[in-house]
J.: 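Handing you a structure now.
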Number of protein chains: 2
Amino acid sequence: MAPQNPSLDIIFAALADPTRRAILGMLLEDDMAVTDVAAPFEVSLAAISKHLAVLVTAGLIRQERRGRIIWCKLEPEGLRSASVWMQGFGQFEPVDLDDFERFLLAELGGAPSEGKEQP
Amino acid sequence: MAPQNPSLDIIFAALADPTRRAILGMLLEDDMAVTDVAAPFEVSLAAISKHLAVLVTAGLIRQERRGRIIWCKLEPEGLRSASVWMQGFGQFEPVDLDDFERFLLAELGGAPSEGKEQP
DNA sequence: TCCATATTCAACCCAGCAGTTAAGTAAGCA
DNA sequence: TGCTTACTTAACTGCTGGGTTGAATATGGA
């Protein structure tokens, strides 16, 4: 249902929204049901549902119904084309995973990561 | 004049537009004057001027006046934070520069790279 | 000094996106 | 069969983004 090769337009646009990036960060830890994804945010469930649809269209997540629950899971390959594109400019730098951790924490600061972790 | 640490919001939004990505691709080869940047595109000069302003705000290019010409040059460091963020999800694969070349060609297909190359 | 070149600014139009609420569908359960 | 949970769709609103044209600014050259 999600296009195979979403354009960079679609992918970068999907990544441009902080709510959506936060969602991706949450899904990095674990698959989640839509309702649980929505929980930490202040916007309506319908709004989150739309965000998820955008992420699906961008090929960044996949949704899978099991019973009446729809599970959302990260689709890391979806980032590949964008990653390739960016690194063409980046030439340089090796990735610093600590930097990434810091980003996630900073971003999730606004949208707590669901209390699964220790208090 | 451009903010030091443009947010990922701003950076990804800047990258989400094909015209702006094409501009970045052109600047990868060489610094260019605004008029020359605009030449291959079908939109007005004013529109390109706005695109360039967006790229400056995102910290992806820098503009420098020399005489009456304003030179635009790539600011590759501007992609760093976004790159770090993405690779946090990408974990994986080393960059394939050939992939990147292909992207550029594909994208510039719509907006020829200024006729500097051979006919 | 006057004109041409290079670029931005201002005002406006229109399309699309993030958000809302309310209604609709789908699945499990009593 | 009917209620509840889980989610999406529809219809609407307000704002932003990319485009336009036309005027304004800045610089270099005759």
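The sequence lines fix the lettering, A, B, ..., with proteins before strands; numbering per chain opens at 1. All values below come from the heavy atoms of this structure, side chains included, with hydrogens, waters and symmetry mates left out. What you see is a predicted model, and the numbers here were worked out from it, not measured in a lab.
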J.: Report yes or no: does A:Arg20 contribute a side-chain atom to a donor-acceptor pair with the main-chain N or O of A:His51 at less than 3.5 Å?
T.: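 The answer is no, because no donor-acceptor pair under 3.5 Å joins these two groups.
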
J.: Does A:Leu79 offer a backbone N or O that forms a donor-acceptor pair with the side chain of A:Ser83 under 3.5 Å?
T.: no

J.: Is the backbone of B:Ala82 close enough, under 3.5 Å, to the side chain of B:Arg80 for a donor and an acceptor to pair up by distance?
T.: no

J.: Tell me whether A:Ser49 contacts the main-chain N or O of A:Leu45 through its side chain, where contact means a donor paired with an acceptor under 3.5 Å.
T.: no

J.: Would the distance check show the side chain of B:Arg66 and the main-chain N or O of B:Arg68 forming a donor-acceptor pair, the cut-off being under 3.5 Å?
T.: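 Pair absent, no side-chain N/O of B:Arg66 close to backbone of B:Arg68.
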
J.: If you link I, L, V, M, F, W and Y whenever their side-chain heavy atoms are under 4.5 Å apart, who else ends up in the same group as A:Trp71?
T.: A:Ile69

J.: Using a strict threshold of under 4.0 Å (side-chain N to carboxylate O), is an ion pair present between B:Asp9 and A:Arg21?
T.: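 A salt bridge is present here (some side-chain N lies under 4.0 Å from a carboxylate O).
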
J.: Where each residue is assigned the nucleotide of DNA chain C containing its nearest heavy atom, which of A:Asp17 and A:Arg66 is assigned the position nearer the 5′ end?
T.: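 The residue whose closest nucleotide sits nearer the 5' end is A:Asp17.
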
J.: Below 4.0 Å from chain B heavy atoms, what is the first contacting nucleotide of DNA chain D and what is the last?
T.: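 The contact span of chain B on DNA chain D goes from D:dG18 to D:dG28.
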
J.: Looking at B:Glu64 and B:Arg62, is any side-chain nitrogen of the basic one under 4.0 Å from a carboxylate oxygen of the acidic one?
T.: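 Yes, this pair counts.
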
J.: Could you encode protein contacts along nucleotides 4-17 of chain C as a string, one character per nucleotide from 5' to 3', using B for base contact, S for sugar-phosphate-only contact and - for no contact, with a heavy-atom cut-off of under 4.0 Å?
T.: BBSBSB-B------

